[in-house]
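It should be emphasised that the depicted structure is a prediction, and the values quoted were computed from it without experimental measurement.
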Amino acid sequence: MATKQQTLQSKYQLLSGQEIPIVGFGVYMIPPSTTEKVAGEALKAGFRHIDTAIMYRNEKGSGRAIQNSGLDRSELFLTTKIPPESMGYERSKRVIDASLKEAGQEYFDMILIHAPYGGKKDRLGSWDALVEAQRAGKVKSIGVSNYGIHHLEELEEYITGGGGGEISVGQYELHPWLDHSDIVEWLQSRGIVVEAYSPLAHGTRFDEPVLRTIGNKYKKSPAQVLIRWSLQMGFVPLPKSTTPQRIRENTEVFDFELSAEEMEQLNTGEYSPTDWDPTVDDD
């Protein structure tokens, strides 16, 4: 379990040998026209990790925020993702190069396969493209998002059989009302860092009494309590906001710690995705 000795500048070691900031800024559903400004606010607030994707259509704004931040590129961590329609070796290879150009970057810190669609051949083909890109220096670390355990085991078997690469990150919708504990255990038992997208459940649970009670105790917002929960679960939360004040508030989560009892109160066992759930795809 994480402790309050962590700071916004703390990092986790990845299996690739690289490091990842323990909190990231998500840009899902932020319009392309405002992404540069909003992501720039996040960097000013102390975020050093931006999570974008081809599907979000805001790689360009994310890249520009990094370019105009005045910060050294080595201090920043930028993630993008291969979309379902680009699964397969050749298609993934093309979109990796296209994303680098779109974001104006020489490399990405992380590229994930966004979802396990397309069947085994295309999933493994996309992985081959990632491994190739990693060896070419186009990306430093690689991983997956929304993979069910059967997809993860398929990939693990491929890697150990000589496919190459390493799963550095698994990214999932994770909050107290979406229990992916089986997947989390699979990943963490292998030293794979778990990222939590939609850690605030899109604000749909802010009125939950347990959040209000805990928040009142620590004088923290429901969002801050949820980010703190995610950190103490050992996740890398990716909160999103477009409001400068709330962006700053989302960084102020290192001056309190939830008790074991409070963590248990937030262990609802509920399974209610607010986004898609490709983990259950049978293909």
Side-chain angles (χ1 to χ4, degrees), residues 1-4 6 10 12-15 20-24 26 28 51 79 81 110 112-117 123 143-157 159 166-206 208-211 213-215 222-240 253 256-283:
M1 183 177 288
T3 70
K4 63 182 178 182
Q6 292 176 325
S10 296
Y12 291 131
Q13 185 85 18
L14 297 171
L15 292 177
I20 185 171
I22 64 172
V23 181
Y28 173 55
D51 182 85
T79 296
K81 307 176 192 78
M110 175 77 68
L112 306 175
I113 296 175
H114 209 147
Y117 295 144
R123 280 194 293 272
V144 298
S145 180
N146 297 303
Y147 270 42
I149 289 178
H150 54 302
H151 304 121
L152 291 166
E153 290 180 340
E154 170 191 277
L155 181 54
E156 182 179 55
E157 181 181 0
I159 291 170
E166 63 288 309
I167 308 170
S168 282
V169 158
Q171 186 182 117
Y172 295 83
E173 180 180 353
L174 289 165
H175 47 73
W177 299 277
L178 183 52
D179 181 11
H180 275 314
S181 54
D182 55 341
I183 297 175
V184 167
E185 182 180 353
W186 193 99
L187 295 165
Q188 291 183 335
S189 69
R190 289 159 171 79
I192 299 168
V193 169
V194 178
E195 289 188 323
Y197 73 76
S198 302
L200 309 183
H202 294 298
T204 59
R205 300 286 189 153
F206 283 177
E208 292 280 346
V210 63
L211 281 186
T213 299
I214 295 173
Q224 289 169 318
V225 172
L226 287 173
I227 295 168
R228 184 69 221 172
W229 173 88
S230 197
L231 286 166
Q232 289 184 216
M233 291 292 289
F235 305 155
V236 173
L238 305 169
K240 184 209 86 173
V253 292
F256 74 110
E257 186 168 10
L258 302 177
S259 68
E261 180 183 3
E262 288 160 347
M263 290 294 289
E264 184 57 34
Q265 289 171 355
L266 290 167
N267 181 23
T268 70
E270 192 172 323
Y271 196 98
S272 300
T274 61
D275 292 297
W276 58 348
D277 187 14
T279 65
V280 297
D281 182 61
D282 291 331
D283 187 4

From CA spacing to verdict: side chain to side chain contact (heavy atoms under 4.5 Å, CB included), Trp186, Ile192 | CA-CA 9 Å; Trp186 193 99; Ile192 299 168; 4.0 Å; yes
Less than 4.0 Å between a side-chain N and a carboxylate O, is that true for Arg205 and Glu270?
-> yes
Considering only heavy atoms from C-beta outward, does the side chain of Pro176 approach that of Asn267 to under 4.5 Å?
-> no
Below 4.5 Å, heavy atoms only, C-beta onward: do Glu157 and Leu155 meet side chain to side chain?
-> no
Checking side chain to side chain contact (heavy atoms under 4.5 Å, CB included) for the pair Leu266/Val210: CA distance, chi angles, key distance, verdict?
-> CA-CA 7 Å; Leu266 290 167; Val210 63; 3.9 Å; yes
Partner of Asn146 by side chain to side chain donor-acceptor pair (under 3.5 Å), out of Tyr197, Tyr117, Tyr172 | Tyr197
Side-chain heavy-atom pair Leu112, Thr79 within 4.5 angstrom cut-off | yes
May I ask you to check whether over 12 heavy atoms, not counting those of Glu153, lie within 6.0 Å of atom CD?
-> yes
May I ask you to decide if Leu226's main-chain N or O and Ser230's side chain share a donor-acceptor pair within less than 3.5 Å?
-> no
Over all atoms of both residues, closest heavy-atom pair of Pro237 and Leu231 = CD-CD2, 3.9 Å
How many angstroms lie between atom NE2 of His175 and atom OG1 of Thr204, to the nearest 0.5 angstrom?
-> 6.5 Å
Non-hydrogen side-chain atoms of Phe235 and Val193 separated by less than 4.5 Å = no
Closest heavy-atom pair, Ala223 versus Leu200, reported as atoms and distance to 0.1 Å, is O-CD2, 3.6 Å
What one should report as the nearest heavy-atom pair of Ala201 and Thr274 is O-CG2, 3.9 Å
Separation between CD (Glu208) and OG1 (Thr213), nearest 0.5 Å, reads 11.0 Å
Measure across Leu187 and Gly170 and return the closest heavy-atom pair with its distance rounded to 0.1 Å.
-> CD1-CA, 4.2 Å
Apply the test salt bridge (charged side-chain N to carboxylate O under 4.0 Å, His left out) to residues Lys240 and Asp51: give CA-CA distance (whole Å), side-chain angles for both, the deciding distance (0.1 Å), then the verdict.
-> CA-CA 10 Å; Lys240 184 209 86 173; Asp51 182 85; over 6 Å; no
Please assess Val194 against Leu174 for the test side chain to side chain contact (heavy atoms under 4.5 Å, CB included), listing each intermediate value before the final yes or no.
-> CA-CA 9 Å; Val194 178; Leu174 289 165; 3.4 Å; yes
Phe206: ring pair (Phe, Tyr, Trp, His ring centres under 6.0 Å) partners, not counting sequence neighbours | none
Which value, rounded to the nearest 0.5 Å, describes the distance between Ile113 atom CD1 and Gln171 atom CD?
-> 13.0 Å
In terms of heavy-atom contacts, Met110 and Val169 come closest through CE-CG2, 3.3 Å
Taken to the nearest 0.5 Å, the spacing of Ile183 CD1 from Gln188 CD works out to 12.0 Å
Nearest heavy-atom pair of Leu15 and Ile167: which atoms, and what distance?
-> CD1-O, 3.5 Å
CG on Leu258 to CE on Met263, rounded to 0.5 Å | 6.0 Å
Got more than 12 heavy atoms from elsewhere within 6.0 Å of CD, Gln13?
-> yes
From Leu152 CG over to Thr279 OG1, what is the distance, rounded to the nearest 0.5 angstrom?
-> 10.0 Å
When you measure from the side chain of Arg228 to the backbone N and O of Phe256, does any donor-acceptor pair fall under 3.5 Å?
-> yes
Glu173 (side chain) donor-acceptor with Asp275 (main chain) under 3.5 angstrom = yes
Determine, step by step, whether Glu262 and Trp229 satisfy the side chain to side chain contact (heavy atoms under 4.5 Å, CB included) criterion, reporting the C-alpha distance in whole Å, the side-chain angles of both residues, the deciding distance to 0.1 Å, and the verdict.
-> CA-CA 9 Å; Glu262 288 160 347; Trp229 173 88; over 6 Å; no
Residues Ser259, Glu261; criterion side-chain hydrogen bond (donor to acceptor under 3.5 Å, both in side chains); working and verdict | CA-CA 5 Å; Ser259 68; Glu261 180 183 3; 5.0 Å; no
His151 vs Tyr147 aromatic rings, parallel, tilted or perpendicular, using cut-offs 30° and 60°?
-> perpendicular
